[in-house]
Amino acid sequence: MTGEAAVAAFLGWIAAERRASPLTVEAYGGDLSVFLGFMTQHLGGPPDLAALGALRAADFRAWLAHLAGQGLTNASRARRLSAVRSFFRYLARRQGVTNPALGLLQRPRARAPVPRALSVGDARAVAHEIGEMHDAAALSARDVALFTLLYGCGLRISEALALDVRDAPLPGGDAPLRVRGKGGKERIVPVLPAVREAMAAWLRLHPRAEPGAPLFLGARGGRLDPAVAQKVLREFRRLNGLPEHATPHALRHSFATHLLAGGADLRSIQDLLGHASLSTTQRYTSVDEAALLAVWRRAHPRA
């Protein structure tokens with residue numbers, strides 16, 4: 001049996017027995033067609049079942065390297081490798097063709113996306129001017145306090161909205177903010193004077209100032225919904241020409257990125273963000289390097 005016939009049989013099998021959708025069958029067919037096309041050139045002729053069973057790990061690595069040379073990302077190469085592995089599992093079960101070399105290959109790791117931070121000017125604009133989205137003084141003060149807190153302390157939106165009035169950092173003190181993050185892990189975050197002042201302005205207008213009340217209230221008096229905060233910032237960025245990645249979470253990225261650019265060390269930023277692993281925090285070094293590269297490209301006469 002030729003390789004093409006084996007692929008056709010495999011596609012028929014996943015369509016009939018695995019009930020794969022037509023789009024899935026088409027995707028598998030495209031990936032396996034590219035694989036067979038490379039192996040035809042690599043081996044000097046169309047492979048049959050015996051040739052497929054005799055492929056070495058070096059042959060598969062050559063195929064993956066060829067895909068990388070075409071500009072495919074790690075995620076795309078990992079998907080194509082998964083399709084080939086499914087095909088070879090089918091060959092082992094239905095055609096008696098085994099190839100242990102596939103087990104020696106490591107799945108290409110998809111790179112974690114680089115955090116998208118705002119510029120210092122854009123982040124400050126959000127914190128200082130977001131209140132202009134409301135006519136009501138209370139809502140204006142609430143939003144300024146919330147977004148100043150997100151940028152000034154690097155909180156997740158869920159962490160900020162989980163705070164109660166008793167947790168609010170107020171002027172005249174230097175007590176840090178205690179934040180309960182993912183997995184119930186508590187961390188301590190220093191608070192800037194600007195955050196304390198914005199919080200005091202909001203609490204003067206807070207309709208329920210008892211200690212156990214939610215710090216940030218919605219229109220109906222309950223805890224503010226994250227979707228409402230996201231909508232406010234979405235409208236603000238459109239009216240003020242901010243980039244589309246200007247979201248509440250981007251303020252957390254901005255907090256970390258701007259600290260790193262100012263000379264803070266990764267361990268300190270890790271503690272402030274509440275990351276369990278330093279490798280998560282290290283993503284921000286890529287942001288800083290990208291900014292430096294962008295400056296170099298704009299300024300260097302030979303860039």
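Numbers here are sequence positions counted from 1.
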Heavy-atom side-chain contact between [X] and [Y] under 4.5 Å:
X: Leu118; Y: Leu251; answer: yes
X: Thr148; Y: Ile130; answer: no
X: Phe35; Y: Leu52; answer: yes
X: Arg142; Y: Leu224; answer: yes
X: Val191; Y: Leu149; answer: no
X: Glu26; Y: Leu23; answer: yes

Do you reckon [X] sits in the same ILVMFWY cluster as [Y], going by side-chain contacts under 4.5 Å, direct or chained?
X: Met133; Y: Ile157; answer: yes
X: Leu91; Y: Val34; answer: yes
X: Leu203; Y: Leu146; answer: yes
X: Ile14; Y: Leu32; answer: yes

Partner set under side-chain contact (heavy atoms from CB on, under 4.5 Å) for [X], not counting sequence neighbours:
X: Ala27; result: none
X: Ala175; result: none
X: Gln70; result: His66, Leu67, Leu72
X: Ala256; result: Ile269, Leu273, Tyr284

Scan for side-chain hydrogen bond (donor to acceptor under 3.5 Å, both in side chains) pairs involving residues 232-242, sequence neighbours excluded, and state none if there are none.
Arg237-Glu244
In Å and rounded to the nearest 0.5 Å, what is the [atom1] to [atom2] distance from [X] to [Y]?
X: Cys153; Y: Leu272; atom1: SG; atom2: CG; answer: 9.0 Å
X: Arg156; Y: Leu150; atom1: CZ; atom2: CG; answer: 12.0 Å
X: Ser254; Y: His245; atom1: OG; atom2: NE2; answer: 7.0 Å
X: Leu217; Y: Arg223; atom1: CG; atom2: CZ; answer: 8.5 Å
X: Trp63; Y: Leu105; atom1: CH2; atom2: CG; answer: 8.5 Å
X: Asn99; Y: Leu55; atom1: CG; atom2: CG; answer: 6.0 Å

Shortest non-hydrogen contact from [X] to [Y]?
X: Arg61; Y: Leu104; value: NH2-O, 3.7 Å
X: Arg107; Y: Ser82; value: NH1-CB, 4.2 Å
X: Val165; Y: Pro214; value: CG2-O, 3.8 Å
X: Val195; Y: Gly152; value: CG2-CA, 4.0 Å
X: Val144; Y: Ala127; value: CG1-O, 3.6 Å
X: Gly131; Y: Ser140; value: O-OG, 3.0 Å

Check the pair Leu233, Asp143 against side chain to side chain contact (heavy atoms under 4.5 Å, CB included), reporting the backbone distance first and the verdict last.
CA-CA 9 Å; Leu233 184 49; Asp143 288 351; over 6 Å; no
Assess whether atom [atom1] of [X] is packed by more than 12 heavy atoms of other residues, nucleotides or ligands within 6.0 Å.
X: Gln95; atom1: CD; result: yes
X: Gln106; atom1: CD; result: no
X: Arg187; atom1: CZ; result: yes

Quick one: do the Arg79 and Ser76 side chains pair a donor with an acceptor below 3.5 Å?
no
Without placing hydrogens or testing angles, list every side-chain donor-acceptor pair under 3.5 Å for residues 38-47, not counting sequence neighbours.
residue, atom, partner, partner atom, Å
Thr40, OG1, Leu36, O, 2.8
His42, NE2, Asp59, OD1, 2.9

Measure from the side-chain N and O atoms of Trp202 to the backbone N and O of Leu215, and report whether any donor-acceptor pair falls under 3.5 Å.
yes
Show, in sequence, the C-alpha distance, side-chain angles and deciding distance for Leu177 and Ile188, and conclude whether the side chain to side chain contact (heavy atoms under 4.5 Å, CB included) test is met.
CA-CA 6 Å; Leu177 178 66; Ile188 295 176; over 6 Å; no
Of all residues at least two apart in sequence or in a different chain, which pass the side chain to side chain donor-acceptor pair (under 3.5 Å) check with [X]?
X: Thr24; result: Ser21
X: Arg267; result: Gln270
X: Arg178; result: Glu186
X: Ser33; result: none

Which pairs with one or both residues in residues 120-173 pass ring-ring contact (aromatic ring centres under 6.0 Å, His included), sequence neighbours excluded?
Tyr151-His258
Show me the pairs that pass ring-ring contact (aromatic ring centres under 6.0 Å, His included) and involve residues 73-103, at least two apart or across chains.
Phe10-Phe87, Phe10-Tyr90, Trp13-Tyr90, Phe60-Phe88
Asp164 with Arg208: basic N within carboxylate O range, under 4.0 Å:
no
